[in-house]
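We use all heavy atoms of the structure for the numbers below, so side chains are in, but hydrogens, waters and symmetry mates are not. Both counts, for ligands and for their atoms, begin at 1 and track the order of listing.
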Amino acid sequence: MKLFILSLVLGIAWGRFHFFGPSPSYECTHCQPEQIHIAFGEKSNDIVITWSTFNDTEESRVQYGVGIMDKETAGSSKLFVDGGPMKRSQYIHTVVLKDLKYNTRYVYHAGSVYGWSEMFWFRVPPAGEDWPVRAAIYGDMGNKNAQSLSYLQDEAQRDKFDVILHVGDFAYDMDTDDAQVGDEFMRQIQPLAALVPYMTCPGNHEQAYNFSNYANRFNMPGPDSSLFYSFDLGPIHFVSISTEVYYFTRYGLKLIVNQYNWLKKDLAKANLPENRAKRPWIIIFGHRPMYCSDSNDIDCACEYSRVGILGVYGLEPLLMQFGVDAVVWAHEHSYERTWPLYDNRVYNGTKGAYINPRAPVHIVTGSAGCQENTDPFKSNPEAWSAFRSSDYGYTRFVAHNHTHVYFEQVDVDLKGKVIDSFWIVKDEHKAFKI
Ligand SMILES: *[C@@H]1O[C@H](CO)[C@@H](O)[C@H](O)[C@H]1NC(C)=O
Ligand SMILES: *[C@@H]1O[C@H](CO)[C@@H](O)[C@H](O)[C@H]1NC(C)=O
Ligand SMILES: *[C@@H]1O[C@H](CO)[C@@H](O)[C@H](O)[C@H]1NC(C)=O
Ligand SMILES: *[C@@H]1O[C@H](CO)[C@@H](O)[C@H](O)[C@H]1NC(C)=O
Ligand SMILES: [Fe+2]
């Protein structure tokens, strides 16, 4: 009886006053975490967790662990105000989980004393360079008509990917309807982006208010507002660039120069003998292609990032100088792969086009699905065009080891059938010479 009264008193005390533990100091009506997504931090065993609440939760916490959530790390939030007429605001929270155990599956939830997310998991990749990296790669996925989304969710939840690369153009657009479309899109991708590091680059659809929805919602490594950065994963050095700095020059011509100088330095470092020996593959992704054979010629002549403005700061010579193995683009709502290519000329390998190719291989994969449908091709493509499809879909990528990488194109119009696949085989990775 005494025990009963005691537990009754304690129960009331707990319910009323939250005696034990941090107590909410105000009635928070919009403190439920949403739009949860993760990314790699400065190294592959640092995982950055990002989410939104519409009210200030005063704290940003992630509880996590191996099997059970017995650890906790705190982070911070920033107030993001959209540039639209309603000036809608939200708190974007970031927590960095550092020095996690390699090759280990963690569970986590994110939130505060005012409310927690459901529980998710992620897997920290293996240590070192010698393991097969599996990626999903695509661009141009919108809030409406996101044809590939259910396929991607299915594969992500069955642990088929170590990383996802979204090569620009999100939501259509993240700022639309005072950024409500951005919120909805971030909720849509949560089932995959909360589990698998979702690495991004900006596209033209992100340009509003100086890319502010993009820069605030995605937390990529490095200091440059997620516009350009690189990260290492297994045998690959991935580099994300903004092709948009060449087109939205009103936000600052200096961004072209900053990115160019940064890229040159980054690629030079990746080419230091000890680095290239460990991580031989260099793959760059950016939004607008240097080459494509869509019927919309204006869109395909995205020459500024390739040749530069007035002949300076063009990026294609850097691809040769630093032996970039493959470059992945989107923007065209289609899939296209090229033969090894430089300055409009094909440089096949001698024992097969992709066996020790003598120039970078380009892939355009922008058909994940959006309200602008897919793009048709012109009827007589240039000699560099190797395969084309205007169906909806996405690309799967596996870096098997130091000599072999594999790409394949999933066609969702054909219920997930693989319509194209190819290997790039290289005995040596170094500068290309013409
Ligand atoms: C909480 O969020 C709602 C919805 O965005 C907003 O209308 C309200 O002003 C916010 N309250 C506070 C105290 O921030
Ligand atoms: C746009 O944002 C970038 C970085 O996010 C910044 O360097 C640049 O100065 C900004 N431009 C303007 C015009 O505000
Ligand atoms: C490159 O190789 C492919 C595949 O073997 C071939 O179809 C194409 O004609 C070659 N191009 C050149 C310019 O050698
Ligand atoms: C690299 O991977 C390819 C494809 O799986 C395989 O054929 C080759 O033997 C591997 N090479 C090494 C050195 O393991
Ligand atoms: Fe685009």
Side-chain angles (χ1 to χ4, degrees), residues 78 80 83 138-142 166-174 200-220 222-229 241-259 261-262 285-289 292 294 296 298-302 304-305 328-334 337-359 361-362 364-375 381-388 420 422-425 434:
K78 64 189 171 189
F80 167 55
Y138 52 87
D140 304 74
M141 191 164 74
H166 188 143
V167 189
D169 280 7
F170 305 80
Y172 289 73
D173 297 347
M174 288 196 285
T200 59
C201 70
N204 52 302
H205 280 269
E206 282 69 70
Q207 67 82 23
Y209 323 120
N210 196 8
F211 295 86
S212 72
N213 270 269
Y214 172 81
N216 281 281
R217 292 173 189 272
F218 292 108
N219 249 319
M220 296 299 119
D224 297 296
S225 307
S226 309
L227 294 183
F228 44 91
Y229 62 92
I241 60 169
S242 171
T243 51
E244 302 316 299
V245 297
Y246 290 89
Y247 298 89
F248 297 101
T249 51
R250 64 175 176 276
Y251 297 131
L253 281 165
K254 74 168 197 300
L255 292 171
I256 296 176
V257 182
N258 291 354
Q259 173 171 264
N261 291 337
W262 169 84
F285 61 104
H287 184 61
R288 290 192 217 210
C292 79
D294 285 45
N296 184 349
I298 295 189
D299 253 18
C300 277
C302 291
Y304 290 140
S305 59
V328 185
W329 316 110
H331 189 57
E332 309 307 325
H333 300 165
S334 58
R337 119 176 105 83
T338 72
W339 302 119
L341 173 63
Y342 176 64
D343 198 17
N344 284 296
R345 281 191 53 193
V346 173
Y347 293 90
N348 283 340
T350 47
K351 292 190 179 145
Y354 299 136
I355 300 175
N356 295 318
R358 292 177 297 127
V361 177
H362 294 245
V364 178
T365 177
S367 52
C370 69
Q371 69 207 32
E372 293 177 356
N373 306 321
T374 52
D375 291 330
E382 289 81 351
W384 43 251
S385 182
F387 185 95
R388 316 189 291 174
D420 183 41
F422 66 102
W423 291 87
I424 303 177
V425 180
I434 299 165

Trainee: What atoms of ligand 3 come closer than 4.0 angstrom to any heavy atom of Val346?
Mentor: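 Counting atoms of ligand 3 from 1, those under 4.0 Å from Val346 are 11 (N), 12 (C), 13 (C).
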Trainee: To the nearest 0.5 Å, what is the distance between NE2 (His287) and CD (Glu332)?
Mentor: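 Nearest 0.5 Å value for the NE2-CD distance: 8.0 Å.
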Trainee: For atom 4 (C) of ligand 3, grab the closest protein heavy atom and report residue, atom and distance to one decimal in Å.
Mentor: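 Nearest neighbour among protein heavy atoms for atom 4 (C) of ligand 3, to 0.1 Å: Trp339 CH2, 3.4 Å.
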Trainee: Of the protein's non-hydrogen atoms, which lies at the shortest distance from atom 13 (C) of ligand 2, and what is that distance?
Mentor: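 Closest protein heavy atom to atom 13 (C) of ligand 2: Tyr251 O, 3.7 Å.
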Trainee: Would you say the side chain of Asn204 lies within less than 4.5 Å of the side chain of Phe248, judging by non-hydrogen atoms?
Mentor: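 Yes, close enough: below the 4.5 Å cut-off.
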Trainee: Heavy atom to atom 14 (O) of ligand 2, shortest distance: which of Asn258, Asp224, Asn210 holds it?
Mentor: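 Comparing heavy atoms across Asn258, Asp224, Asn210, the nearest one to atom 14 (O) of ligand 2 lies in Asn210.
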Trainee: So is Arg217 actually on top of Phe80's ring, under 6.0 Å and inside 45° of the axis?
Mentor: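 Judged by the rule, Arg217 and Phe80 form no cation-pi pair.
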Trainee: Need the ligand 2 atom indices (1-based, order shown) with element for anything under 4.0 Å from a heavy-atom of Leu255.
Mentor: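 Atoms satisfying the 4.0 Å criterion: 7 (O).
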Trainee: For Gln207 and Tyr251, which heavy atoms make the closest approach, and how far apart are they?
Mentor: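 Shortest heavy-atom contact: O-OH, 2.8 Å.
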Trainee: Any idea which N/O/S atom from His331 gets closest to the Fe ion (ligand 5)?
Mentor: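 The nearest such atom is ND1.
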Trainee: Are Trp262 and Phe228 close enough that their ring centres sit under 6.0 Å apart?
Mentor: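 Yes, ring centres under 6.0 Å apart.
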Trainee: For the Fe ion (ligand 5), find the closest N/O/S atom on Asp169 and give its atom name.
Mentor: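 Answer by atom name: OD2.
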Trainee: Using distance alone, determine whether Asn348 and ligand 3 share an N or O pair under 3.5 Å.
Mentor: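 Yes; the residue has a nitrogen or oxygen that sits under 3.5 Å from a nitrogen or oxygen of the ligand.
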Trainee: Any atoms of ligand 2 less than 4.0 Å from a non-hydrogen atom of Ser225? List them with their elements.
Mentor: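 This gives 4 (C), 5 (O) as the contact atoms.
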Trainee: Can you list the atoms of ligand 3 that are under 4.0 Å from a heavy atom of Ala353?
Mentor: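 It comes down to these atoms of ligand 3: 2 (O).
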Trainee: Any idea which atoms of ligand 2 are less than 4.0 Å away from a heavy-atom of Lys254?
Mentor: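 This gives 7 (O), 8 (C), 9 (O) as the contact atoms.
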Trainee: Could you give the distance from OG (Ser212) to CE (Met174), rounded to the nearest 0.5 Å?
Mentor: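 Taking OG in Ser212 and CE in Met174, the distance rounds to 9.0 Å.
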Trainee: Looking at His166 versus Tyr138, is the centre-to-centre ring distance below 6.0 Å?
Mentor: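 Yes, close enough.
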Trainee: Between His205 and the Fe ion (ligand 5), is there a contact where an N/O/S atom of the residue lies under 2.8 Å from the metal?
Mentor: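 Here the distance criterion (N, O or S atom, under 2.8 Å) is not met by His205, so no.
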Trainee: Should Trp329 and Thr243 count as side-chain neighbours, where that means a heavy-atom distance under 4.5 Å?
Mentor: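 Of all side-chain heavy-atom pairs linking Thr243 with Trp329, at least one is under 4.5 Å.
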